[in-house]
Q: 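First the structure, which I've put down as structure tokens, then a few questions once you've had a look.
If you're wondering where the values come from, they're calculated on a predicted model, not measured in any experiment. Read the numbers this way: they start at 1 and go in the same order the structure lists the ligands and their atoms.
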Amino acid sequence: MISYKEKIAEILAPQIEGLEKDEIMAMVETPADSKMGDYAFPCFKLAKILRKAPPLIAKSIAEGIAENAVFEKVESVNAYVNMFVSKADLAKAVVSEAVSKGADYGRSDIGAGRKVIVEYSSPNIAKPFHIGHIRSTVIGNSIYKLYDFLGYDVVRINHLGDYGTQFGKMICAYRRWGNKEDVIREPIKTLLSYYTKFHEEAEKDPSLEDEARAIFTKLEHGEPEETQLWQWFRDESLKEFNRVYDMLGITFDSYNGESFYSDRMPRFVNELREKGIMEEDNGANIVRLDEYNLPPALITKSDGSTLYITRDIAAAVYRKETYDFYKNIYVVASQQNLHFQQWIQIVEMLGYDWARSCVHIPFGLVSLEDGVMSTREGRVVFLEDVLNRAVEQTRQIIKEKNVNTENIEQTAKDVGIGAVIFNELSNYRIKDYVFSWDKVLNFEGETGPYVQYTHARACSILRNAGEDVVRKAHEEFDARYITGESAHSLIKLIYELPDVILEASEKYEPSIVTRHIVDIAQSFNKFYHDEHILVDNEDEKIAKVALVLAARNAIRNGLGLLGMNAPKKM
Ligand code: ARG
């Protein structure tokens, strides 16, 4: 499709000495008020280069572009050149493309031939899968969808927290006070209670700590009994996690977590030693990072056991060797910023030139209205409960409001879970937020249900238009019928969607897509309000139906990139 910004830069480049095409392109603005044109070019910056007053520059540039066929009207207003695209041409180009490409509208192949790893969710075994985990899970899933849509070959990894001394404690507690049936019935809550009990008892009897350490050592050496118990805890926890992933429609290509790297560690410990990067410190091994203004990193403890960071170094190298990634993306909380700075630095010090292809994508904290979440104090909101409650509430609304749907259960799921996902992806990921039931379950305003409802409304118009008209709209339409003010605004937003998707991927920021589809939905509703769509005039009807199709595709594709379904009726 035509890029107007590029076109403007092409026309202007010969007129403005000293500015490259790319620089000009970056200067082009899209005024919020369409009275100021579809595109505007500010001339302030040029005053220095051209040694003329900005308004004079604007005037002469406007005259230079005026002769061009791309714009219907070009005028200079003070220091700005305002450009108005031909509404019918734009409508023709955008709507044809959005209609014909359908589910592929916005897709591209810029990533073809490049492998990207997205690591997300990565919960800890035998710990609650709580509302805090929704962030990595949902943001990561959307980043995966964005990269996939742009043609990258994406590998989704769930780097499970399935290793560490806590498993020694858990096995110890299970053997002393545990019960198989309880674990099977409710794995995570039960295992967690063992873990808590262990800490209580260990305060009274410190020898328990030694016992747990000995058990962990056995586990590290692959002793069958300990390994079997650990494997069982892992399987049971994963079953619980998978229930949530199923609800969210999320899958992974690999669940290789920390334990997977447990026996790959010696190689890196040796490498760090041989390259003189690591030094001994009271029996432990550390890497000093003063030069990079970072605190030292602990690589092995004095008892020889490795740490979280050691496993991340091993995992990165393994991934490079296995997948030869172009980028290795980690969607992990901002509390771990330091951890990522440290290990990526160490990988660089080891001489791996791809170290900076590992990118940490941080996000802010979720807290509860009564404070920060605390597993120990029982102040947690389980993700599964949130999803179930959202579905339940939606089911009720559907029944009360007599919502038009053939499948109440499916719609309740699509909308209820969609509301949670959309809420999660509405704000910049780096922002902290307070979890509130009211907000998640609010179906008014700029929410997921509102956008889904708009999509269903478009589908309903298409049903009413009838198959024949819809088919004709796919073939040919007269764009002059969709040049009214609200149609034009809607078309511009649909036109921007592919760029928005690209920007969201570059910034690892799904919320850019979220906002844009809210804008499309609002603009669509304004068009629906302002204009009569299924009019008697057949040509006019076909053109308007084509625009409805285009808007429906844009909204549906946008929702899909967030990881949401778009019900046809609601
Ligand atoms: N399991 C960790 C946690 O819950 C997150 C893992 C992040 N990924 C990584 N490669 N370190 O805090």
Side-chain angles (χ1 to χ4, degrees), residues 116-141 143-144 155-167 170 188 191-192 195 230 233-234 237-238 240-241 244-245 250 252-262 264-265 268 294 297-299 306-323 325 327-347 352 354-367 372-376 380-383 429 508:
V116 165
I117 291 177
V118 184
E119 188 217 282
Y120 56 108
S121 202
S122 311
N124 297 326
I125 296 297
K127 292 272 178 69
F129 198 30
H130 57 67
I131 186 68
H133 293 112
I134 194 179
R135 306 221 67 193
S136 173
T137 308
V138 167
I139 296 169
N141 185 50
I143 291 177
Y144 146 64
V155 181
R156 299 161 291 180
I157 298 183
N158 192 337
H159 186 79
L160 291 175
D162 57 0
Y163 205 67
T165 46
Q166 71 271 26
F167 289 95
M170 227 171 292
I188 289 177
L191 291 171
L192 188 67
Y195 190 60
W230 165 82
F233 292 167
R234 187 183 191 271
S237 301
L238 206 50
E240 227 178 290
F241 297 157
V244 175
Y245 294 139
I250 286 178
F252 296 92
D253 301 302
S254 161
Y255 290 87
N256 284 345
E258 292 185 48
S259 69
F260 182 77
Y261 302 99
S262 61
R264 286 180 167 77
M265 237 65 82
F268 299 100
L294 297 170
L298 186 59
I299 303 294
T306 59
L307 292 108
Y308 180 50
I309 194 166
T310 329
R311 297 191 275 277
D312 259 324
I313 295 169
V317 177
Y318 174 83
R319 289 181 194 176
K320 184 66 191 179
E321 289 173 356
T322 308
Y323 302 108
F325 56 74
K327 248 185 221 174
N328 179 17
I329 299 168
Y330 295 80
V331 186
V332 181
S334 61
Q335 286 122 300
Q336 297 193 27
N337 281 354
L338 176 60
H339 168 75
F340 278 89
Q341 282 171 0
Q342 286 179 315
W343 79 249
I344 293 174
Q345 186 60 55
I346 294 172
V347 171
Y352 294 110
W354 45 264
R356 300 289 156 188
S357 315
C358 298
V359 263
H360 174 212
I361 303 305
F363 52 81
L365 195 75
V366 194
S367 51
V372 177
M373 238 171 312
S374 157
T375 313
R376 287 216 179 157
V380 277
V381 175
F382 286 86
L383 188 46
R429 60 176 156 73
Y508 309 99

Q: Does Gly364 offer a backbone N or O that forms a donor-acceptor pair with the side chain of Arg135 under 3.5 Å?
A: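 Side chain of Arg135 to backbone of Gly364, a donor-acceptor pair under 3.5 Å: yes, one is there.
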
Q: Tell me, please, which residues at least two apart from Arg264 pass salt bridge (charged side-chain N to carboxylate O under 4.0 Å, His left out).
A: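 Arg264 satisfies salt bridge (charged side-chain N to carboxylate O under 4.0 Å, His left out) with no other residue.
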
Q: With sequence neighbours left out, write down each residue that passes salt bridge (charged side-chain N to carboxylate O under 4.0 Å, His left out) with Lys327, or none if nothing qualifies.
A: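 Checked Lys327 against salt bridge (charged side-chain N to carboxylate O under 4.0 Å, His left out); zero matches.
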
Q: Holding to salt bridge (charged side-chain N to carboxylate O under 4.0 Å, His left out), I want the full list of residues that pass it with Asp162, two or more places apart in sequence or in another chain.
A: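 Listed in chain order: Arg234.
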
Q: Using the ring of each side chain (for Trp, its six-membered ring), is Trp343 parallel, tilted or perpendicular to Phe340, with breaks at 30° and 60°?
A: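 Ring orientation, 0 to 90° scale: tilted.
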
Q: Taking only Lys NZ, Arg NE, NH1 and NH2, and the carboxylate oxygens of Asp or Glu, determine whether Arg319 and Glu119 approach each other closer than 4.0 Å.
A: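 Between Glu119 and Arg319 there is a salt bridge, with a charged N closer than 4.0 Å to a carboxylate O.
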
Q: Show the protein residues that qualify under the rule heavy atom under 4.0 Å from an atom of ligand 1, listing them in chain and number order.
A: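 Close residues (ligand 1, cut-off 4.0 Å): Glu119, Ser122, Asn124, His159, Tyr308, Asp312, Tyr330, Val332, Gln336, Phe340.
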
